[in-house]
Amino acid sequence: MRLDRLITAAGGMSRSQAGKAIRAGRVTVNGSAALRPEQKVEENLDLVELDGRPLEYRSRRYYLLDKPLGVITAARDPKQPTVLDLFPPEIRRQGIEPVGRLDKDTSGLLLLTNDGDFAHRVISPKSGVWKVYEAVVDGILTAEDVRLFAEGLRLGDGTLCLPAGLRILTPERGLVTVREGKYHQVRRMLAAVGKPVLELRRLSVGGLSLPPDSEPGTWRELDETEAQLVCASCSNPPLWQE
Ligand code: URA
């Protein structure tokens with residue numbers, strides 16, 4: 001890849017700042033001064049140093065965001081705040097995108113990455129990654145609702161859902177576990193049993209969960225091992241499901 005691109009992707013500098021740093025002689029490649037931003041470097045082989053310090057460059061990046069209410073799940077939007085606006089410019093420049101989507105009025109765990117294969121694997125219905133949501137409903141959740149969820153619900157428009165979990169926490173609050181990502185799925189499932197959703201928050205995606213004291217709007221970077229936890233439990237639903 002181009003040297004200036006690698007410096008930008010490592011975070012901290014825009015492309016033009018990286019170009020200036022290179023032309024100012026602040027960057028070396030394998031110990032020799034680099035003079036051209038377009039110089040090609042091999043990301044996992046060449047040692048690139050800025051002001052004498054090795055650049056920590058990871059091409060694949062993964063972030064876990066506790067999405068707050070009121071922001072949309074998109075990379076960019078001319079009118080509304082997006083989840084990307086919650087990250088500083090040096091991270092946005094890594095080319096990260098949301099993995100799947102949460103509604104504007106849903107909060108909770110959202111992954112962002114620039115690893116397209118990973119995103120595809122998490123979203124693909126074939127992977128069957130379990131997602132757990134906490135829902136507050138207008139109505140009283142019943143054992144019959146639990147049975148209908150477990151059987152595979154038919155939504156208002158006739159769409160058939162895969163078997164899903166419903167665990168009643170209080171009469172108006174429940175944990176819903178699904179392994180699909182149909183449009184507004186959880187809201188439509190609860191509406192189909194006559195319990196419109198008042199509040200919705202995603203707690204887990206596969207083997208990754210928000211800590212109980214997580215604050216909406218906060219995020220952290222995941223390393224590759226943590227990110228792979230998402231798919232670790234693809235075929236095993238959370239225990240309470242059974
Ligand atoms: N299901 C919904 O209805 N909304 C979401 O944001 C996520 C799942």
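Start at 1 and go down the list; that is how both ligands and their atoms are numbered.
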Checklist entry - Looking at I22 and P37, what are the two nearest heavy atoms and their distance? => result CD1-CA, 3.6 Å
Item to check | Lys/Arg-Asp/Glu bridge criterion (N-O < 4.0 Å) met for R201, D66 | outcome: yes
Next on the checklist: If the threshold is 4.0 Å, N to carboxylate O, is there a salt bridge linking K182 and D157?
Outcome noted: no
Checklist entry - Around R36, counting heavy atoms of other residues, nucleotides and ligands shown, do more than 12 lie under 6.0 Å from its CZ? => result yes
Checklist entry - With Y63, which of I91, L111, L86, L222 fulfils side chain to side chain contact (heavy atoms under 4.5 Å, CB included)? => result I91
Checklist entry - Do NZ/NE/NH1/NH2 and the carboxylate oxygens of D145 and R147 come within less than 4.0 Å? => result no
Item to check | Residue contacts for ligand 1, heavy atom to ligand atom, distance under 4.0 Å | outcome: L102, D103, T106, Y133, H184, Q185, V186, R187, L200
